[in-house]
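Just below is one structure, and these are the notes that go with it.
So you know, we letter chains A, B, ... as the sequences are listed, proteins then strands, and number each from 1.
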Number of protein chains: 2
Amino acid sequence: MGTVGKAIFLLDLFTAREPELGLSELSRRSGFDKATTRRLLVSLSQNGFVEQDVESRRYRLGAGISRLARIREAHFPFLQISTPAARELSLQTGETVHLSEFSAGALATVHVEQSTRANRVNVDIGQILPLHGTASGIAFLAFSRPELVKSYVDHPLPAFTSHTITGRAEVMAAVRAAAARGYSQSSQGYEEGVFSVAAPILGPDGYAIGTLSVASPLSRIDDGLAARHGEAVMDACRQISLSLNGEPVGTRLNLAS
Amino acid sequence: MGTVGKAIFLLDLFTAREPELGLSELSRRSGFDKATTRRLLVSLSQNGFVEQDVESRRYRLGAGISRLARIREAHFPFLQISTPAARELSLQTGETVHLSEFSAGALATVHVEQSTRANRVNVDIGQILPLHGTASGIAFLAFSRPELVKSYVDHPLPAFTSHTITGRAEVMAAVRAAAARGYSQSSQGYEEGVFSVAAPILGPDGYAIGTLSVASPLSRIDDGLAARHGEAVMDACRQISLSLNGEPVGTRLNLAS
DNA sequence: CGTGCCGGTTCATTATTTGAACTCTTGGTT
DNA sequence: AACCAAGAGTTCAAATAATGAACCGGCACG
């Protein structure tokens, strides 16, 4: 791993649940020496990518990141376009909806609309979702370049629950089913007791760039409701894709083997 | 400059006006060798910090940045809290309002509410503002740690227009005036024909963490209107600071020499 | 008042980064 | 259709930056 990769690895240790970390914690979790960790943090903080709390001496993500994110968002308004559709979908289904964008080989959760129900699924912003084992991942693969699907599925796939599909053939079957239907389903593939449906958000080339997903407690779901959620998430994604790309887009299905 | 600094320098070349750049352009503007530039870009893209357009081969900021920014925003909802106040202030004044956050020794513009008038000031998201020469900068300095003010003002200050105040004494006078009034004024200090007022957004320790500013065409401004804008921007900032910190905060004025 | 953990620092050793020179491709010009 | 210019991307010996064991001083706990 190069120096740049290490610096970004440190940034990736900050999560919604643990947004502030001390030097020793960062060193321990990254596996980098304390001196190395510190030097990287100093470089990052000089450029505004991390900030250090003056009194607790702990580090957190810095304003420089927000600034760049806003530049990106001004150019490519993924959140601005998708957020209202996600909110509407959440209200319509009464369930937690999360929006993901593809980045560095996985899906990153960039927005969440929490269900208002007492019994609901909680998803953290910034969470990284694997492409197998989540409804979002399968929906993404179903509308990705075949090379990407192949290279992903050729590596060993870890299990997250006892229900995670890890076999190449099983994943490909789920992908083909999702491509045919237009949305994917996943029951407890990533977390016990959670059922999700997801559909792809397409880029100008017709391939997926992200996903929208509805996540429900499994106990609430039956086949009819799952299908209704599937149709709803597909509609929302179609609308988002249209707004993002300005014009209709020919979808790229993965129906072949 | 360390490797990490160079990587971030590359990221900082992407702006709202030029959100996509080719390898040679990046190499030229950064002054790094083309091979070096490329290696940095590859590292960055492997981690989702930049993306490469498949057909044009140009680079742009990546989704990994959005992801981290969302984690930060979930922890510290600067934009979420400030944006509505900025919008209201823009509607109230009829002028362009911009929100800045302090980062790496300068103010970074993270949100803009454009005036709806035909003759208006345009500000780009992501723009870096110097601490002298903008109303925002002076407002920030007026509510900053004295050490920060001193170290800033001890370095040579560039002029952006013929009206930019660059002398240590002049800057300190403007800072003291802003501290006494609660807001700052700047006439054409950064761009010709632009008049601005600004007030600080305060952190939990009572020192400024950002600013809110109203920017008008100079032709529209007289003393009375400037004062009304000043009071309005101060009110908005007070409200934001309160919401951000949860409780009243003792302000830290820079009234001493 | 000793022990452990924290943040932070030092400097000889080591590994990564660097950049001149190269190829390959594209698009425009004569 | 041959030429030129400019772009993206690659190679490898030389130069430079990153590394980490051992260190300091402070603070909290028993």
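Of all the residues in residues 26-46 of chain B, B:R28, B:K34, B:A35, B:R38 reach under 4.0 Å from DNA chain D with at least one non-hydrogen atom. DNA chain C is contacted by B:T3, B:K6 of residues 3-20 of chain B, taking any non-hydrogen atom closer than 4.0 Å.
Put simply, chain B comes within 4.0 Å of DNA chain C, heavy atom to any atom, from C:dT17 to C:dA20, going 5' to 3'.
The side-chain hydrogen bond (donor to acceptor under 3.5 Å, both in side chains) test applied to B:E18 returns B:R29, not counting sequence neighbours.
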Got a list of side-chain donor-acceptor pairs under 3.5 Å for residues 128-141 of chain A, not counting sequence neighbours?
| from | atom 1 | to | atom 2 | distance (Å) |
| --- | --- | --- | --- | --- |
| A:H132 | ND1 | A:Y152 | OH | 2.8 |
| A:H132 | NE2 | A:P158 | O | 2.7 |
| A:T134 | OG1 | A:P130 | O | 3.0 |
| A:T134 | OG1 | A:G137 | N | 2.9 |
| A:S136 | OG | A:T211 | OG1 | 3.3 |

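The closest donor-acceptor contact from the side chain of A:S56 to the backbone of A:R58 lies under 3.5 Å.
Taking a cutoff of 4.0 Å between a charged side-chain nitrogen and a carboxylate oxygen, B:K150 and B:D154 qualify as a salt bridge. Under 4.0 Å is where a charged nitrogen must lie from a carboxylate oxygen, and between B:R70 and A:E73 no such pair does. Salt bridge status for A:R38 with A:D33: absent, with no side-chain N to carboxylate O gap under 4.0 Å.
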For nucleotides 25-28 of chain D, print each protein N/O atom paired with a nucleotide N/O atom at under 3.5 Å, atom names and distance only.
none

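A:E55 CD: 12 or fewer foreign heavy atoms inside a 6.0 Å radius.
The phosphate of D:dG9 has OP1 or OP2 within less than 4.0 Å of a side-chain N or O from B:Y59.
Counting any heavy atom pair closer than 4.0 Å across all strands shown, A:E25 reaches no nucleic acid atom.
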